[in-house]
Amino acid sequence: MKILLCVLLTTVFPVHVHSLWPIPRAMQSGSTPLLLANDLNIQYKFSNVPSDLQAAVAQTKKFLQTDQLGRLVVDRGASDLPLISKASRLSTLSLALHGTGKPLSISQVAVSALETRDESYTLNVPADGSAASLTANTTLGLFRGLTTFGQLFFFTSGQTYTLKAPFTITDSPAYPYRGFMLDTARNFFPVADIQRTLDAMSWVKTNTFHWHIVDSQSFPLQVPGFPELSAKGAYASNLVYTPADVQNIVSYAAARGIDVLVEIDTPGHTSVISKSHPELIACAESTPWASFANEPPAGQLRFTSPTTTNFTASLLSAVAKLFPSKLMSTGGDEINQNCYNTDAETQSDLKAQGRTFEQALDVFTQATHGAVRASGKTPVVWEEMVLSHNVTLSNDTIAMVWISSEDAAAVAQKGFRIIHAPSDYFYLDCGHGGWVGAFPSGNSWCDPFKTWQKAYTFNPLANIAPAQNHLILGGEHLLWTEQSSPSNLDSIVWPRAASSAEVFWTGPTQPTGQPLDVREALPRLHEIAFRMQKRGVNAIPLQPLWCALRPDACDIDR
């Protein structure tokens, strides 16, 4: 009778696909219930355990105790009690590292060169209660495996359990770069909000925080040697990131397996520098602004001036010292030609130097990228520097494709490595209406709203020749913050940004070999959103709860 009851309950409340996000590259699982011991022992099979790994283990144990996430079925897992009442209990998880020698910390591996970073791991969870094992080549790999382990379990009536043991997972990312970009210049975000975002990023194995830290509207970064920039360019004296704040964010990110890629956009998007150095900026706050910039206030670095070039190179060198990442972005997008055409000093410089506009831009780019390289970093640029301007870029320069996903093919044909950041898939600010004033019928320029489903259908290799596939490093979601602040940060980002995290970790196919599919993904995305809420991140609902508790019931073809 008990066996029949279990079969009936499983039929009425089906156990859908695993709750993992992103889904591992290769996995096998069974159908045996397994309980998790309240006093789970996570032990190390190696010595010299780095402190950040110890902290990650403590955090994993805490989440296993406090998530208390009921399965997303109608009764939230109450009917699982007969299935788990006599289940074996898992009491030990062993962590092991391949190789010998003192292990590097998570933080050290997280900021290593992108092409050398190893995030792979193997996780085995037996069904009989014997010790589970997690092995990796690096502590960062162990951290990724701990993240997966913490997503295996649900909670009901005081019991933490899974119904799908045993598990065998062999996992590594399809792409080395999986990012999220936050603009902190249009509106300011306190350190605590950034840290919370970094936490959520780590839960879906996102590994790069692209920090668009300054722009034309404000300069909130305190740069050693350049105190005047933030003193006169920040919105207020308390709306700044001090070097200590930067160190805090960088350290916090690295301990969670996240590298911080800082962007100092040049020569455009620099109007605010005119507050402290008016001589360096062409058409500063000129009006009508739409003639001189893509958004107000107008103003761009007068890059034809050797003084401006030297200033910019020195600024980039100073900023580089604050960030250990091997990457640094110099921007290069949305350069407004009309601004320079109408700037008398720029035209005088060009005439005196006997250079064309593009030749002068090339000189500026060589100097600024030289400063980045002298700091031990590889330059990252927006796509215009590859496709719209005749400047010399080193072969290892990385281009972010943002205007359209269709532009990636042209960048790849020129032989540059690519980070996908297309506005037609990954811009989180689209679809909220135009933000400029006196524009009552206006929409956002990148309408419509970019749903998680849209992002999830992105194909990183679309229109890329097979011989150029190696140029694709990954991609990122982006939040430009004209209409965002701490008040809506979580809700506009999560769980939408998790969709690209899976696209670039798992790749185009599931472990079954089938293509990624929004129908299969939705129940798992519900679950990661619910976990985020349990952990203090205010992820928004994707559907009415009625739908979330009935997988597939709200599909349009049902």
- Item | Derivation of the side-chain contact (heavy atoms from CB on, under 4.5 Å) call for Ile258 and Thr208 | CA-CA 5 Å; Ile258 298 170; Thr208 306; 5.6 Å; no
- Arg256 vs Met201, side-chain contact (heavy atoms from CB on, under 4.5 Å): CA-CA, chis, key distance, verdict: CA-CA 9 Å; Arg256 286 151 183 80; Met201 290 167 61; over 6 Å; no
Counting only N and O atoms by type, is there a donor-acceptor contact under 3.5 Å from the side chain of [X] to the main-chain atoms of [Y]?
X      : Y      : answer
Glu384 : Glu334 : yes
Glu228 : Gly233 : no
Lys450 : Ala455 : no
Arg417 : Asp396 : yes
Thr309 : Ser305 : yes

Decide whether [X] and [Y] meet the rule of one side-chain donor and one side-chain acceptor closer than 3.5 Å.
X      : Y      : answer
Ser444 : Asp447 : yes
Glu263 : Trp382 : yes
Ser317 : Ser314 : no
Asp183 : Thr481 : yes
Trp494 : Gln533 : no
Thr346 : Asp349 : no
Gln483 : His432 : no
Asp52  : Gln108 : no
Asn187 : Ser485 : no
Glu527 : Gln151 : no

Minimum-distance pair of heavy atoms, taken over all atoms of [X] and [Y]:
X      : Y      : result
Thr270 : Thr266 : CG2-CA, 4.5 Å
Phe311 : His277 : CE1-NE2, 3.7 Å
Phe426 : His477 : O-CD2, 3.3 Å
Tyr456 : Ser499 : CD1-O, 3.9 Å
Arg196 : Gly536 : CD-O, 3.4 Å
Ala284 : Ile281 : CB-CG2, 3.9 Å

- So does Asn395 have more than 12 non-hydrogen atoms from other groups sitting under 6.0 Å from CG? no
- Task: State whether Glu119 and Lys205 are salt-bridged, where the test is any N-O pair (Lys NZ or Arg NE/NH1/NH2 against Asp/Glu carboxylate O) under 4.0 Å.
- Result: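 No salt bridge links Glu119 with Lys205.
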- Message: Under the criterion ring pair (Phe, Tyr, Trp, His ring centres under 6.0 Å), I'd like the reasoning laid out for Phe303 against Phe357: C-alpha separation, chi angles, the key distance, then a yes or no.
- Response: CA-CA 10 Å; Phe303 65 82; Phe357 176 89; 5.3 Å; yes
